[in-house]
Number of protein chains: 2
Amino acid sequence: MNYMRTLKYAILGLLNREPLTGYDIAREFKKDLGEFWTATHSQIYPELKKLLAEGLIVFEVQISGEVLEKKLYSITGQGQKEFLTWLKKDEPMEPTPKDIFRLRMYFSNYMDSATRLQLLEHQLQQHKDRLSHLQTNMLRYDSVPPLESDTFGDYLVLDGAIIREKATIQWLENFIAYCRK
Amino acid sequence: MNYMRTLKYAILGLLNREPLTGYDIAREFKKDLGEFWTATHSQIYPELKKLLAEGLIVFEVQISGEVLEKKLYSITGQGQKEFLTWLKKDEPMEPTPKDIFRLRMYFSNYMDSATRLQLLEHQLQQHKDRLSHLQTNMLRYDSVPPLESDTFGDYLVLDGAIIREKATIQWLENFIAYCRK
DNA sequence: AGTGCCATGTAAGAAGTTACATGATTGA
DNA sequence: TCAATCATGTAACTTCTTACATGGCACT
């Protein structure tokens, strides 16, 4: 039984950069990294407990304000070791990611033309909005960050997300043009 | 609690085209449709039982050869009704699909340059192979099939998959060029 | 006689989502 | 004082993967 444990390595990777709380980790998954991996606190907190039990991370309690305790987690030597082993692994390409919208379009010959066009236009608008949001984020960089910096990863996923959104938009626009033809 | 039940609708959609066995359905998920939705027999057979209990499908037993029984499933009126309702639903864009390779590259500043390049080149090769495989499939069509035909869906997902692979290849090639620079 | 495909199931566990639950801090 | 955000957890359930299990059919 070889399960992926991807969340484990995502968390270890983040803690390998700097100590973070569970809440911080959840926040990271909403930023740039969230373009290609996400998890919410209900997955994160149990996973942190697991990693702690495995000796891959430790925490120290910090006090915010008067009483609020927060757990600041750091990676251990063993944690770094396991993270780096995973990082260098050359795994076979993953199966295609699932996509409900395209599944729907696969069956689109059972829709009336008006509904089809409406769904397509709405989808297109959402992807255009996302693209413009990503492009706004991209303005942060006036040049490509150095390969050795932590910022490089952020730049890379942003670049990948922009290319992906453009491709999706192209597919939708082709399709819409054909529907109108 | 609003779960997606996407497998339910994928199966209903296939049965809406024509009667199929569980085995046939699994085969469909390995063909064109598999570019955007998959499931194996261990998900399919239990789901068929569920749909049967819900009255959305029925089956008749067929005999292959001497004794081998197979269950040929068909959609019911109620099943068609639920499928068409789902089909026309305008759902908000899904969260970004997860991608382990990009997660790894997000942390690639902790790799040595040789490993990084090796992983990238291997990934590129795999995507190029997949693209050429998809393009071979595309040769089946000398023109875009009519919007009302079942074949249109196959064409559409194939076209989408090709655009997606090209985008991924572009991202990888940019990245590789920058690493070599 | 053997291999690859056809054909149908179940079990155990990992991974992910939604809801339930609680309380502190910061800033307007 | 009110709202947004910070902060941490659990419960219940769906969804997906891997492994276990069995046996017939078609072709060489």
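The chains referred to below are lettered A, B, ... by the order of the sequence lines, with proteins before strands, and numbering in each begins at 1.
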Length of the NZ-C1' vector between A:Lys50 and C:dG16, whole Å | 13 Å
Below 4.0 Å: OP1/OP2 of D:dC6 and any side-chain N or O of A:Tyr23 = yes
Position toward the 5' end of DNA chain C (nearest nucleotide), A:Val67 or A:Thr40 | A:Thr40
What integer distance in Å separates B:Gln62:CD from C:dA7:P?
-> 10 Å
Under 3.5 Å, is there a donor-acceptor pair between the side chain of A:Trp86 and the main chain of B:Arg104?
-> no
Using only side-chain N and O atoms of B:Lys49, determine if any of them is under 4.0 Å from OP1 or OP2 of C:dT10.
-> yes
Given C:dG16, D:dG23, C:dA24, the nucleotide with the shortest approach to the side chain of B:Leu68 | D:dG23
Rounding to a whole Å, what distance do you find between A:Glu66:CD and D:dA7:C1'?
-> 16 Å
Considering heavy-atom distances to DNA chain D, does A:Leu48 or A:Met4 have its closest nucleotide positioned more toward the 5' end?
-> A:Leu48
Whole angstrom is fine here: how far is it from CZ in B:Phe29 over to C1' in C:dA7?
-> 17 Å
OP1 or OP2 of D:dG9 sitting under 4.0 Å from any side-chain N/O of A:Lys71?
-> yes
Below 4.0 angstrom from OP1 or OP2 of D:dA7, is there any side-chain N or O of A:Ser64?
-> yes
Side chain of A:Tyr3: nearest nucleotide among D:dT8, D:dT10, C:dG13?
-> C:dG13
Checking C:dT10, C:dA15, D:dA7 against the side chain of B:Pro46 (C-beta onward), the nearest is C:dT10
Can you tell me how far P of C:dA19 sits from CD of A:Gln43, to the nearest Å?
-> 16 Å
Could you grab the distance from atom CG of B:Asp24 to atom CD1 of B:Ile44, nearest 0.5 Å is fine?
-> 10.0 Å
Options D:dC16, C:dT17, D:dA7, nucleotide nearest the side-chain atoms of A:Lys98 | D:dC16
Here the distance between atom C1' of C:dG13 and atom CZ of A:Arg5, to the nearest Å, is 13 Å
What is the ring orientation for B:Tyr45 with B:His41, classed by angle as parallel under 30°, tilted 30 to 60°, or perpendicular over 60°?
-> perpendicular
Donor-acceptor pair under 3.5 Å: do we get one between B:Ser42's side chain and the base of D:dT18?
-> yes
Give the rounded distance in Å between these two atoms: CD of B:Glu69 and P of C:dG9.
-> 10 Å
Of the candidates D:dT17, D:dG9, C:dG16, the side chain of A:His41 sits closest to D:dG9
For the residue pair A:Tyr178 and B:Phe152, does the interplanar ring angle fall in the parallel (under 30°), tilted (30 to 60°) or perpendicular (over 60°) class?
-> parallel
Just how far is it from atom NZ of A:Lys70 to atom CD1 of A:Ile63, taken to the nearest 0.5 Å?
-> 10.5 Å
